[in-house]
Amino acid sequence: MTMHLEELHQLADDRRRELEGFAHHILVCTSLGCPKNKEIIAAFRQALTNSEAGEKVLVRKVGCMGLCAAGPVVLILPEEIYYQKVAPGDAAEIVSALGREPVQRLLLPSDLPFFTRQYKNVLALFGRIDPESLEDYLAAGGYEAAVTTITRMRPTEVIRSIDKSGLRGRGGAGYPTGLKWSTVAKAQGKKKYVVCNADEGDPGAFMDRAILESTPHALLEGILIAAYAVGADCAYIYVRAEYPLAVRRLKRAIREALRANLLGTAICGSAFSLTIQIRLGAGAFVCGEETALIASVEGGRGVPRPRPPYPAEKGLWGRPTLINNVETLANVPGIIQRGADWFAGLGTEKSKGTKVFALTGTINNAGLIEVPMGMTLREIVEEIGGGIPGGHTFKAVQTGGPSGGCIPAEHLDTPVSYENLSALGSIMGSGGMIVMDETTSMVDIVTYFMAFSMEESCGKCVPCRVGTAQMHTLLKKFQTRTAIDDDLTTLESLCHLVRNTSLCGLGQSAPNPVLSTLNYFRPEYLERITGPVDPCRQEEKQ
Amino acid sequence: MNKPRLATLWLDGCSGCHMSLLDTDERLLDLAARVDLVYSPLVDCKLYPEAVDIACIEGAVSTAEDECRLRSVRERTKCLIALGDCAVTGNVPAMRNTWGTDTVLRSVYLEREALAARIPTEDLPLLSDKALPLHTFVKVDFFLPGCPPSADTIFSALTALIEGRSADLRLNTGFGT
Amino acid sequence: MPASQPDQSATDKRWKTINLVMQRHDHRPEALIETLHAAQEAFGFLDPETLAYIATQLDVPPAKVYGVTTFYNHFNCSPRGEHFLEICTGTACHVKGTDRIAAWAQEKYGLEPGQTTADNRLSMVEVRCVGACALAPVIITDGTLIGAKTIAETTDLIEEWLHDDAP
Amino acid sequence: MTAAQILTLTIDGKHVSGLAHETLLQVALENDIAIPTLCCLEGLSNQGSCRLCMVEIAGTTKPQPACVTLIQEGMVVITQSENLRTYRRTIIELLFSERNHICAVCVANEHCELQTLARDLGVDHISFPGRYPALPVDASHDRFVLDHNRCILCTRCVRVCAEIEGAHTWDIQGRGIRSLITADFNSPWGQSTTCTSCGKCVQVCPTGALFEKGRSVAEMLKKRPSLPYLVSNRTREQQ
């Protein structure tokens with residue numbers, strides 16, 4: 001079946017008209033962060049059958065609305081009324097309040113800085129459309145960018161546009177996306193691949209899960225554009241098996257797109273074809289590293305290999321391969337649709353656009369946010385995040401997970417960008433921000449991260465395999481207050497060895513949490529140097 | 001001029017390193033002329049004296065008593081040498097570390113002993129859970145690995161130290177052999 | 001190596017799904033992980049016979065199959081108990097004290113992470129971040145996510161969950 | 001076929017040349033410049049995992065592994081520096097601390113690459129506490145023994161078995177610090193259905209982890225087979 005642009009527009013228009021036919025929409029978050037949503041939806045449907053206005057109201061399941069801490073969240077349109085912590089038992093009351101005064105006890109003020117201070121691009125359709133409905137996505141202007149690209153643009157134009165936008169990889173390293181695309185496009189070889197890295201292993205980061213659960217079609221659209229630009233006809237999405245809902249929605253989205261000829265052969269009547277397959281990850285953080293990811297997609301142990309050659313030249317099955325992360329690709333349709341200049345106009349000089357962060361830990365408004373690059377950590381933590389609960393004080397914000405660092409209060413006014421975070425000894429990473437208050441021991445949290453890196457080390461290279469284990473042993477000595485002076489020196493030199501000689505990014509960045517806390521919170525280590533119990537002294541005392 | 005005061009100590013080891021020291025043969029006379037041997041399993045002296053210049057320690061630290069002796073030697077000695085693999089790495093005594101002292105004692109004295117099986121304790125210091133190298137507990141100034149380090153190695157190391165050439169102590173010795 | 005499927009009651013539907021996955025990939029070696037997923041989904045764990053069958057079908061050396069299976073946390077080679085408790089070890093959950101839930105379970109049921117009780121009632125594992133960090137501390141009881149509770153409330157819920165269908 | 005391009009570069013101040021497809025390690029060896037290695041073995045694929053052959057290349061911020069870095073025109077390489085020596089010593093120390101290496105009672109005493117490297121690099125003690133893992137010894141094979149206590153996970157055995165012998169009896173099970181060499185489905189070696197008992201794994205093992213039965217302390221002298229010879233001869237025979 002070939003579907004043309006006009007037919008897609010028709011589908012979109014039909015859905016828009018259908019939606020406009022309802023006086024009210026009750027949008028219920030059905031992401032992982034809002035449990036019991038099935039019961040809530042059923043309760044609303046039940047309440048509506050008992051209500052006169054029932055036929056004029058549409059209950060829709062939607063993706064993540066961001067403020068997970070207030071979940072389950074329900075949004076009433078067109079009034080833009082947010083209800084928080086909704087239980088199935090609240091449905092009747094909410095329904096009877098439609099068109100009248102909202103239910104005060106459940107009301108979530110929509111003028112909270114959490115909502116007003118954000119700038120949504122990737123998250124724009126979050127909580128607004130049904131993730132399992134292609135028509136919903138089309139009605140919101142979805143696939144316009146992809147179809148325009150495929151039918152009206154040359155690959156080089158697409159790459160130039162992405163390049164001009166200044167988009168950089170959102171998975172961690174921040175490599176310029178346009179440059180990556182053009183390297184793959186220029187690489188020798190007829191067969192090329194696109195691999196989408198959705199193996200979000202960073203503890204404390206869940207933006208990729210939310211994208212897959214809320215707007216899976218946006219990711220497919222990004223992949224379509226990328227594959228067209230680099231000349232690939234086959235793409236893989238490598239998703240964590242720990243995200244069953246995301247996998248289900250993604251599979252459904254691929255089926256829908258295939259049926260509408262937005263995937264498959266001769267897409268929308270063009271000469272361009274693309275198949276997208278899903279590969280399930282199986283619980284190995286190291287598979288976030290691109291060569292390990294390739295090994296895993298090929299069905300083997302997720303063990304990295306030395307680079308060069310880079311995957312752009314020799315990737316999946318030795319062919320040129322473009323590897324981008326979910327959020328990176330989800331940014332692409334917006335850039336094509338609204339223009340590279342729009343995107344480049346957001347953010348800082350070297351870090352363009354917006355970034356999605358998973359704001360968690362000891363913070364009032366835990367959830368998913370999107371802000372322009374360059375917003376300060378203070379604005380994110382204190383305004384959007386609403387500060388620290390329970391009368392506690394801010395101690396540090398951890399970014400970049402086990403590869404990142406802990407940023408103390410004195411640097412809260414730093415504008416967030418790739419450069420600034422790495423200057424502070426941390427990294428942007430995939431966007432996890434874990435806020436910690438004064439009750440958190442830094443030595444504890446670093447020991448936790450080192451245990452993570454040790455367990456996730458693939459074991460191939462010696463510095464990472466044994467080095468992380470020995471760093472963990474040393475940190476345990478600090479944790480149990482049995483460390484001696486020499487241990488600090490040994491720990492620091494081991495950090496440098498592991499950082500400078502490990503084979504892949506996992507090992508190279510594993511010492512970051514230690515180095516950053518040694519930098520900002522050194523006294524916490526020093527006060528734990530009390531040495532082991534000396535049996536001889538003990539005997540003397542007795 | 002006072003001669004340097006030399007001590008040697010035998011912790012958990014097989015005494016092979018001391019044998020190797022004796023293997024320096026006629027050079028022993030040479031050594032004897034240049035140092036005062038103030039403490040050693042080879043001499044009759046019960047207490048470790050004060051102000052020792054060089055101490056060679058053979059063996060791993062296997063009991064709390066070993067540890068106490070080591071610590072007190074460290075306090076009274078300028079230059080401490082870990083002599084041989086047991087003192088340097090734990091070596092053979094440390095082979096029990098994998099399974100734990102208790103398991104090893106049971107295996108040796110109970111499970112494989114048909115008659116009067118019992119773990120000897122009388123007049124014996126209690127074994128620690130692990131046998132560990134000296135530098136786990138105290139600062140070690142020089143390491144002489146080898147099982148044992150050869151007589152030549154020991155002799156040239158001691159001569160160098162006596163002559164104050166500690167900085168360019170280059171020894172052809174390694175673990176094992 | 002068994003060349004045929006271990007369970008000769010060929011009517012067993014579970015083997016059909018596994019065979020289907022392999023067929024869909026033309027029995028190419030790179031289907032290994034996908035097939036292991038299907039097998040674990042079907043049987044709950046991967047036993048030596050299943051691994052041997054998959055190795056033969058996909059023409060992958062046995063050692064490689066075993067290497068891949070044991071590389072990934074998700075695959076387990078021993079059967080699970082009737083109930084399955086997953087404790088999230090993500091950073092946000094760690095900060096909010098999920099290690100205390102594991103310690104509680106150890107005291108209460110004598111379970112180390114990865115173990116099953118002697119009566120086969122309960123298996124407990126620690127899992128990597130499930131991505132519901134805003135709800136920390138998070139646990140999953142038989143597939144149902146529980147979060148945004150205090151540690152005491154959470155352990156109460158676990159007891160309730162296990163008590164509900166006690167014999 | 002076009003003649004391979006000849007490139008010139010500087011290693012430790014010495015002007016040398018090599019073919020475009022050659023690695024830094026190959027060119028260094030051809031010119032008698034010694035770089036320590038452990039996982040690398042001529043005739044096997046290079047995996048760059050032991051990190052001993054790290055060298056400094058002008059213009060790069062981090063040291064690079066010589067065994068997998070192809071030479072480039074005008075490269076300026078340093079193979080010996082205080083930093084590199086420290087890194088190499090520390091890596092050796094990490095390996096000694098990882099498992100239970102007791103040189104004095106090892107079959108490979110005096111014939112062990114790890115032991116020799118320790119001595120050559122001046123490793124006179126191990127700064128890190130020993131991990132003393134409890135590891136099994138597999139003596140089920142009628143001619144050979146695998147002692148995990150002495151294994152450094154260089155994977156030469158895995159590679160020689162898969163790439164040269166074609167049996168792929170060995171692989172690694174688990175990951176990270178819990179990695180172990182494993183035969184088939186973790187079966188006792190003697191019960192492996194794929195092993196041909198050719199013994200190549202034993203001969204390429206750099207330590208005493210794989211050895212012939214009946215060898216006592218210091219008796220396991222490895223007869224290193226020439227792997228490039230095996231490969232080229234086999235190719236010839238097949239034609």
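In what follows, chains are A, B, ... by sequence order, proteins preceding strands, each numbered from 1.
For a residue to count as touching a neighbouring chain, one of its non-hydrogen atoms must lie under 4.5 Å from one of that chain's; by this rule Arg465(A) touches chain D with backbone and side chain alike. Of the atoms belonging to Pro129(D), heavy atoms from both backbone and side chain fall under 4.5 Å from chain A. For Ile172(D), the parts lying under 4.5 angstrom from a heavy atom of chain A are both the backbone and the side chain. Contact annotation for Gln173(D): only backbone heavy atoms (N, CA, C, O) come within less than 4.5 Å of a heavy atom of chain A. Contacts of Asp171(D) with chain A are made by side-chain atoms alone, with heavy-atom separations under 4.5 Å and no backbone atom involved.
Contact annotation for residues 492-511 of chain A against chain D (heavy-atom separation below 4.5 Å, listed by residue number): Leu494(A), His496(A), Leu497(A), Arg499(A), Asn500(A), Thr501(A), Ser502(A), Leu503(A), Gln508(A). At a heavy-atom cut-off of under 4.5 Å, chain D is reached by Gly283(A), Ala284(A), Arg301(A) from residues 282-302 of chain A, listed in order of number.
By number of non-hydrogen pairs under 4.5 angstrom with chain A, the leading residue of Cys39(D), Ser97(D), Ser179(D) is Ser97(D). Comparing Thr155(D), Thr69(D), Thr61(D), Ile91(D) by how many heavy-atom pairs each has under 4.5 Å with chain A, the most go to Ile91(D).
Residues Gln470(A) and Ile177(D) have side chains not in contact (no heavy-atom distance under 4.5 Å, counting atoms from C-beta outward). The shortest side-chain heavy-atom distance between Glu98(D) and Val462(A) does not fall under the 4.5 Å cut-off.
Other residues, nucleotides and ligands place more than 12 heavy atoms under 6.0 Å from the CD atom of Glu82(D). The number of heavy-atom neighbours closer than 6.0 Å to NZ of Lys186(A), taken from other residues, nucleotides and ligands shown, is 12 or below. Annotation: Ile6(D), atom CD1; neighbour count of heavy atoms from other residues, nucleotides and ligands within 6.0 Å does not exceed 12. For Lys314(A), the NZ atom counts as loosely surrounded, since its 6.0 Å shell holds 12 or fewer non-hydrogen atoms of other residues, nucleotides or ligands. For Glu42(D), the CD atom sits in a loose shell: 12 or fewer heavy atoms of surrounding residues, nucleotides or ligands are nearer than 6.0 Å.
Taking NZ of Lys460(A) as the reference point, atom CZ of Arg51(D) lies at 9.0 Å (rounded to 0.5 Å).
The pair Arg175(D)-Glu455(A) fails the salt-bridge criterion, with no side-chain N (NZ, NE, NH1 or NH2) lying under 4.0 Å from an Asp/Glu carboxylate O.
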